[in-house]
Amino acid sequence: MNISVIGTGYVGLVTGTCLAETGNDVLCIDINEDKVKQMQNGVVPIYEPHLDVLFDRNIKANRLKFSTSLQEGVNHGDIIFLALPTPEDEDGSADLSYVLGAAKDIGQLINDYKVIVDKSTVPVGTANKVTEVISKETNVDFDVVSNPEFLREGFAVDDFLKPERIVIGLSSERATALMQKLYKPFVRSGNPIIVMDEKSAELTKYAANSFLATKITFMNEIANFCEKVGADVDKVRRGMGTDSRIGKRFLFPGIGYGGSCFPKDVKALHKSGKDNDYNFQILDSVIQINNKQKTILLPRIESYFNGDLKGKTFAIWGLAFKPETDDIREAPSIYIMEHLLKKGAKLQVFDPEAMPNIKKRFGNTLQYIDNMYAATKQADALIICTEWSIFRTPDFNKLKENMNKPIIFDGRNLYDLEDIKNQGFYYSSIGRKIIG
Ligand SMILES: NC(=O)C1=CN([C@@H]2O[C@H](COP(=O)(O)OP(=O)(O)OC[C@H]3O[C@@H](n4cnc5c(N)ncnc54)[C@H](O)[C@@H]3O)[C@@H](O)[C@H]2O)C=CC1
Ligand SMILES: O=C(O)[C@H]1O[C@H](OP(=O)(O)OP(=O)(O)OC[C@H]2O[C@@H](n3ccc(=O)[nH]c3=O)[C@H](O)[C@@H]2O)[C@H](O)[C@@H](O)[C@@H]1O
């Protein structure tokens with residue numbers, strides 16, 4: 001099939017590449033000329049594991065192409081995916097200007113039947129809005145489909161190729177047949193394509209993300225309570241997670257959820273509630289607790305250094321909002337670093353992939369070090385913000401040699417308490433007793 005994807009970010013580029021991988025002829029459109037040039041030159045503009053292999057293969061097979069021209073995109077695709085940003089607006093709602101703007105432009109450009117697919121995360125009722133906007137511009141027949149995406153950054157290719165489910169919201173038989181045909185290769189394992197109405201599909205996405213954010217937040221509260229009563233959250237987590245009704249995943253406490261989606265999606269669902277005369281009390285709490293959790297290490301660090309951080313040197317390991325991505329949107333590291341800089345601290349930072357993005361935001365206020373050990377030289381403490389695998393089994397002797405004092409504030413509970421005690425570190429983590 002001929003497919004167009006409008007917007008080539010984490011979702012659009014993965015969608016386009018994976019759809020090319022199953023034999024479709026895909027044209028990806030982006031407004032960003034530099035990005036399109038990069039892709040036309042065979043360069044993947046984001047860090048996403050395993051994407052490069054598929055990207056190369058499908059470009060070489062002539063199944064994956066790039067352009068800045070929306071007209072070309074509209075001419076090319078029988079199905080046109082909108083994988084555009086839906087960032088948080090000032091009032092917490094999802095900003096639909098990208099999606100509705102593209103819909104209007106598409107309405108002016110179509111001249112035969114198209115299926116327009118909302119892949120972006122959009123509030124209930126958006127498929128109707130997209131339909132209205134396009135209808136104002138054209139008399140040509142078209143259908144709008146809501147097809148939310150559930151991929152995770154860092155695992156995006158695998159999640160797209162082997163989805164646990166595909167959700168499709170639509171009301172047209174013609175579009176249903178096309179969407180079923182497109183996704184058939186991805187559900188060979190027996191995982192379902194769940195077909196429903198547009199509004200239910202739109203809400204499914206927000207419900208899933210908000211539920212996961214709530215699950216994490218609940219564990220963060222349990223962790224905070226563990227510290228008050230001397231329990232160990234790792235043990236509690238294992239004890240709870242083995243109940244299959246609860247499940248082992250997404251129970252890891254830490255310095256809050258970040259990323260381009262959970263924070264904005266929880267707020268957008270909360271705002272949708274308000275707009276529809278419904279008060280999502282649980283989401284109100286989740287938002288507030290998570291805001292606090294992002295900076296939960298700061299009072300501990302300040303108190304350890306008697307409130308005086310001026311001139312202190314901190315090594316920061318992990319800047320991305322989670323491992324295996326270069327994405328720093330709403331990363332807890334940002335909040336921690338901004339505060340420490342304000343207090344006059346010097347920061348030596350390291351991340352395997354996210355340093356260029358952090359540099360765009362922080363400029364020369366940070367010392368960017370391209371080696372995790374070098375970042376700890378003469379540091380008064382090490383602060384861990386992201387659980388990259390390479391941080392899990394460091395050479396503790398090297399750390400002790402490098403650092404002024406062996407002190408670790410760990411926002412991701414990477415180390416075993418007994419091990420770290422034997423190594424002679426002062427160690428403060430989340431929901432466990434302080435060592436040292
Ligand atoms: N990042 C993720 O893991 C996931 C994101 N989503 C949702 O998917 C949507 C897209 O998210 P991301 O891919 O992360 O966004 P992104 O910010 O990484 O990429 C968006 C792309 O759209 C391009 N763009 C903006 N305006 C355009 C226009 N008028 N025409 C053509 N291109 C345009 C930008 O240049 C950029 O390349 C959002 O609604 C997000 O909530 C859903 C599931 C997972
Ligand atoms: O809509 C989206 O954009 C995507 O949002 C999340 O994916 P992602 O943001 O890539 O990353 P996650 O692995 O879900 O992690 C999100 C945040 O929660 C935190 N987290 C996750 C799990 C956990 O147990 N504890 C925890 O603190 C992570 O550190 C990270 O900051 C969802 O998992 C995807 O299904 C969804 O498609």
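When reading the values below, keep in mind they use all heavy atoms of this one structure, side chains included, and skip hydrogens, waters and symmetry mates. In listed order, ligands and their atoms are each counted from 1.
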### Query
Do Glu72 and Ser67 have side-chain atoms, one donor and one acceptor, less than 3.5 Å apart?
yes
### Message
Are Tyr257 and Phe250, when compared by the centres of their aromatic rings, separated by less than 6.0 Å?
### Response
no
### Query
Is any NZ, NE, NH1 or NH2 atom of the basic residue among Arg361 and Glu338 found under 4.0 Å from an Asp or Glu carboxylate oxygen of the other?
yes
## Note on the structure
Among non-hydrogen protein atoms, atom 22 (O) of ligand 1 lies closest to Gly7 CA, 3.5 Å
### Summary
Here the atoms of ligand 2 under 4.0 Å from any heavy atom belonging to Glu149 are 37 (O)
### Query
Around Lys65, counting heavy atoms of other residues, nucleotides and ligands shown, do more than 12 lie under 6.0 Å from its NZ?
yes
### Summary
In this structure, atom 39 (O) of ligand 1 is nearest to the protein heavy atom Thr86 OG1, 2.6 Å
### Message
Measuring centre to centre across the rings, with the benzene-like ring taken for any Trp, is Phe160 within less than 6.0 Å of Phe186?
### Response
yes
### Query
Which bit of Glu153 is near ligand 2, meaning a heavy atom under 4.0 Å away: side chain, backbone, both or neither?
both
### Query
Between Phe280 and Tyr278, is the gap from one ring center to the other below 6.0 Å?
yes
### Query
Under 4.0 angstrom from ligand 1, any heavy atom of Pro85?
yes
### Query
Looking just at side-chain N and O atoms, do Asn224 and Gln293 make a donor-acceptor pair shorter than 3.5 Å?
yes
### Message
One residue to check: Thr121. Relative to ligand 2, which of side chain, backbone, both or neither has a non-hydrogen atom less than 4.0 Å away?
### Response
neither
#### Entry: Side chains of Asn58 and Arg63, donor plus acceptor under 3.5 Å
yes
### Task
Using only heavy-atom distances, determine whether the side chains of Asn128 and Glu132 contain a donor-acceptor pair under 3.5 Å.
no
### Message
Checking a contact table here: which protein heavy atom is nearest atom 13 (O) of ligand 2, and how many Å away?
### Response
Lys322 NZ, 3.1 Å
### Query
Are Tyr304 and Tyr426 close enough that their ring centers fall under 6.0 Å?
yes
### Message
Suppose we measure from atom 31 (O) of ligand 2 to each protein heavy atom; which comes out shortest, and what is that distance?
### Response
Gly258 N, 2.9 Å
### Query
Given that the side chain starts at C-beta and the backbone is N, CA, C, O, which of these parts of Ile6 lies under 4.0 Å from ligand 1, counting heavy atoms, or is it both or neither?
side chain
### Message
For atom 43 (C) of ligand 1, what's the nearest protein heavy-atom neighbour? Residue, atom name and distance, please.
### Response
Glu149 O, 3.3 Å
### Message
Heavy-atom contact check, 4.0 Å cutoff: does Arg152 meet ligand 1?
### Response
no
### Query
Starting from atom 6 (C) of ligand 2, which protein heavy atom do you reach first, and at what distance in Å?
Phe262 CE2, 3.4 Å
### Side-chain donor/acceptor of Asp416 to backbone N/O of Glu418, under 3.5 Å
yes
### Task
Give the residue and atom name of whichever protein heavy atom lies nearest to atom 15 (O) of ligand 1, and the separation in Å to one decimal.
Arg329 NH1, 4.0 Å
### Task
Out of Leu70, Asp30, Thr15, indicate the one that has the non-hydrogen atom closest to atom 34 (C) of ligand 1.
Asp30
### Message
Under a 3.5 Å distance rule, please check whether Glu227 uses its side chain to pair with a backbone N or O of Gly431 as donor and acceptor.
### Response
yes
### ligand 1 contact on Tyr10 by region, counting heavy-atom pairs under 4.0 Å
both
### Message
Using a 3.5 Å cut-off on N or O atoms only, is Arg152 in polar contact with ligand 2?
### Response
no
### Message
Measuring from atom 41 (O) of ligand 1, which candidate in Lys205, Met39, Lys264, Glu88 has the nearest non-hydrogen atom?
### Response
Lys264
### Message
Just to be sure I read this right, does ligand 2 sit under 4.0 Å from the backbone of Leu251, its side chain, both, or neither, counting only heavy atoms?
### Response
backbone
### Under 3.5 Å donor-acceptor, Thr86 side chain and Thr121 backbone
yes
#### Entry: Nearest option to atom 33 (C) of ligand 1, as decided by whichever heavy atom of Asp265, Leu84, Thr68 sits closest
Leu84
### Task
Quick one: look at Ser260 and ligand 1, take heavy-atom pairs under 4.0 Å, and tell me if it's side chain, backbone, both or neither.
side chain
### Task
Considering heavy atoms of the protein only, find what lies nearest to atom 23 (C) of ligand 2 and give residue, atom and distance to 0.1 Å.
Phe252 O, 3.6 Å
### Any N/O pair Ile216/ligand 2 closer than 3.5 Å
no
#### Entry: atom 37 (O) of ligand 2: the protein heavy-atom neighbour that sits closest, reported with distance to 0.1 Å
Leu151 O, 2.6 Å
### Query
Of all the non-hydrogen atoms in the protein, which one sits nearest to atom 35 (O) of ligand 2, and at what distance?
Phe150 O, 2.7 Å
### Query
Under the 6.0 Å and 45° cation-pi test, does Arg329 pair with Phe321?
no
### Query
Considering only the protein, which heavy-atom contact is closest to atom 3 (O) of ligand 2, and what is its distance?
Cys261 SG, 2.4 Å
#### Entry: Within-shell test, Lys205 vs ligand 2, heavy atom, strictly < 4.0 Å
yes
### Task
Taking only heavy atoms of Gly9 into account, list the atoms of ligand 1 that are under 4.0 Å away from them.
13 (O), 16 (P), 18 (O), 19 (O), 21 (C), 37 (O)
### Pick from Glu153, Glu33, Lys35: the one approaching atom 37 (O) of ligand 1 most closely through a non-hydrogen atom
Lys35
### Summary
the protein heavy atom lying closest to atom 14 (O) of ligand 2 turns out to be Phe250 CZ, 3.2 Å
### Residue, atom name and distance, where the atom is the protein heavy atom closest to atom 4 (C) of ligand 1
Val11 CG2, 3.3 Å
### Task
Indicate whether any N or O donor in one side chain lies under 3.5 Å from an N or O acceptor in the other, for Arg432 and Ser429.
yes
### Task
Distance to 0.1 Å, residue and atom name: give those for the protein heavy atom nearest to atom 7 (C) of ligand 1.
Thr121 OG1, 3.5 Å
### Query
Is the Tyr427-Phe409 ring centre distance short of 6.0 angstrom?
no
### Message
Taking 4.0 Å as the limit for heavy-atom contacts, which would you say applies to Leu151 with ligand 1: side chain only, backbone only, both, or neither?
### Response
both
### Message
Using ring centroids (six-membered ring only for Trp), state whether Phe425 and Phe396 fall under 6.0 Å.
### Response
yes
### Message
Less than 3.5 Å apart, any donor N or O on the side chain of Asp118 or Ser120 sitting next to an acceptor on the other?
### Response
no
#### Entry: Min N/O separation Leu212 to ligand 2 under 3.5 Å
no
### Query
Got the closest protein heavy atom to atom 26 (N) of ligand 1, with its distance?
Tyr98 CD2, 3.5 Å
### Task
Could you tell me whether the side chains of Glu149 and Thr15 share a donor-acceptor contact shorter than 3.5 Å?
no
### Query
Do ligand 1 and Ile31 have nitrogen or oxygen atoms that lie under 3.5 Å from each other?
yes
### Task
Check Arg412 against ligand 2 and report side chain, backbone, both or neither, counting heavy atoms closer than 4.0 Å.
side chain
### Query
Does ligand 1 have any atom sitting under 4.0 Å from a heavy atom of Ala102?
no
